[in-house]
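This chain uses plain numbering: 1 for the first residue, then up along the sequence.
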Amino acid sequence: MRTVIGLMAMALATAGADAQTPRMTDDPYVWLEGKDDAKALAWVEAENRRTLARLEADPRYARFEAQALAIASASDRIPMPEQRMGRITNFWRDADHPQGVWRWTTPADYATATPTWKTLLDLDALSRAEGKKWVWRGATCLPPEERRCLVALSEGGEDAVTYREFDLVDARFVEGGFVLPTSKQGADWIDADTLIVSRDWGAGTMTASGYPFVVKTLRRGRTLADAQEVYRGQPTDQLGTYGSVLTDGAGNRLVLVLRRQTFFGGETFARVDGRLVRLDTPPRVFPAGMVDGQVLFRTSEAWGDVPAGAIAAAPLAAVRTGRFVPQVLFAPGPRQSVEGLAVTRHHAIANIYDNVRGRAFVFSHTGGKWTRRTVPLPDNASIVTASTTESSDAAYVAVTGFLAPTTLWTLDTAATAAPVQVKAMPARFDAANLVVEQFEATSKDGTKVPYFIVHRRDVPRDGSTPTIMTAYGGFELSMTPSYSGITGKLWLERGNSFVLANIRGGGEFGPAWHDAGRKTKRQVIYDDFAAVAQDLIARKLTSPRRLGIYGGSNGGLLMGVMFNQRPDLFRAVAIQVPLLDMVRYEGIAAGASWVDEYGSVSVPEERRFLESISPYANIRRGGAYPEPYVWTTTKDDRVGPQHARKFAARLKEYGLPYLFYEDTAGGHSGDADIAQGARLQALQMVYFAQKLED
């Protein structure tokens, strides 16, 4: 299918979610929710001046920024491939192209040390010509030839995009071709002259969370007003409704409409002979690809004999009828999860994690039966399928670890030959005296929570080592080992430690690991994170004086809760593009779409829980907190900068120390260009150095 970083009194620190919490009946900082209001932006500008005056004045800042920028723009990075028209395309950013170029070369040339690239689209030049800061959001191309593509461009990094039709051979936008103006939207190709589109069609076509729920087909040469409606969801749906198209190497095609009443579940329809047939599948089971007329599914809940977290398949003809019996291809064990599934011309590749260590399997359908084989790749690493195509059985697989620079391998899914390494990223930091260990902490309810720590081989066990720790803990998203040259260079190379915690709420051990921390059960996520910190301290790998934490988005919420519940455990907290006001979150940006994860204030039990954990609601005047660094971006149209602003304003009101910074571009990901990413990394690392090393 081609289409979401002084100690408090012990009684207060241990009260956690059980403490009496205020109800946010009066909110004096609602005015900061006006994302682009002049008064709010003037407040932001004043706060930025104060924070930058401290962080940028630190003599380490210029060095950190230069090092981060050099790593992010290095010419010897791996240009990650996408296969199209028998060639390799790649989107690339460097010092000469900070916004990036889309380019291509031949597979043979790509395998060389210095490929010769042809530029398809220069975003820096396009931005200059059009007076907009365009950010690349990918391309959806028409199979099987894939010459015509819908290029998605975001202005300044927002989730809302503009689609424009692009010709790969002519390397230009198609004159008179498809253009879909800016909206939160999705589009796919039904055929060369027809798109299936979900977008803002006008009043009454977007959900309360800002996503489209009306799907239409658009013919070439017709205006948006001429588009024909295919399906209409409801404005109360959390994630909207979208159309998509599955194809395979045999020429089979399946047009789908997916209605998402909740963030994690919904209804799936197949378009058959001009009508929609509802698939008899549970809400949290979705199609994920197609091979030789066999539709592949991933499950986040049980489906008959198919367990949650599995891969299953069914014949296309049966799927079109709506009622069918699936066949299990892979059923996970208790410490396993499926992290990715991709298809080639005649095969499928699955990325499976076993105790947060990656494996790759190839599935083949022959003679009506499915078989599976293991792909021999380096162990104790993360494995990601970087590129497949329905036109070939060739695949590219990326392998990465905390201390092992990323490598890229080619794999012929139709043969049993071992993969061949074709690219290797040079080391960005000195890892000679570093080791990775995996430990388990015991959470409050007895659950074993794994975590990784990267540290010096001779690390003193006296609690003196500055350590930064991160996690996410939500939305069934897994945190796995990966190589970060910037963290390595700016932090590890100076003798410090890094920790990745695999807490509940994520997908490290499948849907059950996620479901354990949804809605009013969410306190276990925060207990898990605190347990890992306590385990580090008990092992004397660090101490509260030397421990800092960071996380973004939902991970920013995690940081906010930790700031309130366990300030005794940390001296530094970096809160990135966060959710923090959990009483009003449903009315901010896309907040209403996450009720399936967090719960709703409209449900009394869920409101009481949200009030008990909401970081904004639970700051206490006179509390002894670590000085946090809160940062966000003005262009974030997903979580929004409002949460971070209000949290900082409340800290200021109470006379509590804090740092606040809001970047004016980059959206939720902070990725408008490579310079922005380097700046944000350098500012945060200066903060950690000041708090944990000085």
Side-chain angles (χ1 to χ4, degrees), residues 64-83 88-98 100-105 107-117 136 339-340 342 349 351 357-360 375-388 394-411 418-436 452 454 479-494 498 500 669 671 673-675 677-678 680-682 685:
F64 286 170
E65 184 184 34
Q67 290 173 331
L69 185 58
I71 290 170
S73 59
S75 60
D76 55 0
R77 303 181 339 262
I78 296 177
M80 285 299 174
E82 290 185 322
Q83 302 173 73
I88 302 297
T89 64
N90 163 256
F91 183 74
W92 183 259
R93 286 173 166 175
D94 57 26
D96 296 326
H97 304 92
V101 292
W102 194 28
R103 58 191 189 167
W104 72 357
T105 188
D109 194 46
Y110 178 76
T112 66
T114 56
T116 300
W117 296 94
W136 178 258
E339 288 299 311
I349 304 175
N351 306 121
R357 287 173 161 85
R359 305 284 187 270
V375 180
L377 286 166
D379 201 359
N380 295 327
S382 293
I383 297 173
V384 178
T385 301
S387 173
T388 61
Y396 289 88
V397 180
V399 179
T400 184
F402 292 114
L403 302 180
T406 303
T407 55
L408 187 69
W409 305 68
T410 56
L411 169 66
V420 177
Q421 182 178 310
V422 291
K423 301 283 181 185
M425 185 173 70
R428 303 299 185 198
F429 61 94
D430 184 0
N433 193 39
L434 295 174
V435 296
V436 179
F452 293 97
V454 187
M479 300 285 280
T480 60
S482 64
Y483 188 84
S484 172
I486 293 176
T487 299
K489 188 69 179 178
L490 275 59
W491 189 252
L492 292 172
E493 199 175 79
R494 302 209 318 277
F498 168 80
L500 176 65
S669 302
D671 62 348
D673 54 43
I674 57 175
L680 291 172
Q681 290 269 15
M685 208 58 80

Worksheet item: So do the side chains of Asn90 and Tyr110 get within less than 4.5 Å of each other, counting heavy atoms only?
Response: no

Discussion item. I'd like to know if the side chain of Lys423 reaches the main chain of Ala113, judged simply by a donor and an acceptor atom lying under 3.5 Å from each other, with no hydrogens or angles considered.
Written reply: no

Worksheet item: Is there a donor in the side chain of Ser75 and an acceptor in the side chain of Asp94, or the other way round, less than 3.5 Å apart?
Response: no

Practice prompt. Report the distance from atom CD of Gln83 to atom CD1 of Ile88, rounding to the nearest 0.5 Å.
Written response: 5.0 Å

Worksheet item: Shortest non-hydrogen contact from Ser73 to Ala95?
Response: CB-N, 3.7 Å

Item to complete: Show your reasoning for whether side chain to side chain contact (heavy atoms under 4.5 Å, CB included) applies to Asp379 and Arg359.
Response: CA-CA 8 Å; Asp379 201 359; Arg359 305 284 187 270; 3.0 Å; yes

Worksheet item: Do Leu500 and Phe402 have side-chain heavy atoms sitting under 4.5 Å apart?
Response: yes

Fill in: Backbone N/O of Glu339 and side chain of Asn351: donor-acceptor pair under 3.5 Å
no

Fill in: Minimum-distance pair of heavy atoms, taken over all atoms of Arg77 and Ile71
CD-O, 3.6 Å

Practice prompt. Heavy atoms only: give me the nearest Arg428-Ala74 pair and the separation to one decimal.
Written response: NH2-CB, 3.7 Å

Worksheet entry | Option among Thr388, Ile383, Val375 that satisfies the side chain to side chain contact (heavy atoms under 4.5 Å, CB included) test with Ile349 | Thr388

Discussion item. Does this structure show an ion pair linking Asp430 with Lys489, if we count only N-O contacts that are shorter than 4.0 Å?
Written reply: no

Worksheet item: How far apart are the closest heavy atoms of Gly100 and Phe91, and which atoms are they?
Response: CA-CZ, 3.6 Å

Worksheet entry | Spacing of Phe452 atom CZ and Asn380 atom CG [to the nearest 0.5 Å] | 8.0 Å

Worksheet entry | Taking every non-hydrogen atom, the tightest pair across Ala386 and Met80 | CB-SD, 4.3 Å

Worksheet item: Is the shortest heavy-atom distance from the side chain of Thr105 to the side chain of Pro79 under 4.5 Å?
Response: no

Discussion item. Could you report the tightest heavy-atom contact between Thr400 and Tyr483, atom names first, then the distance?
Written reply: OG1-N, 3.0 Å

Practice prompt. Kindly compute the distance separating CD (Glu65) from CG (Leu680), expressed to the nearest 0.5 Å.
Written response: 10.0 Å

Discussion item. Let me confirm one number: the CZ-CD distance from Phe429 to Gln67, rounded to the nearest 0.5 Å.
Written reply: 13.0 Å

Worksheet item: Roughly how far, to the nearest 0.5 Å, is CH2 of Trp491 from CE of Met685?
Response: 7.0 Å

Practice prompt. Rounded to the nearest 0.5 Å, what's the gap from CG on Leu408 to OG1 on Thr410? Could you check?
Written response: 8.0 Å

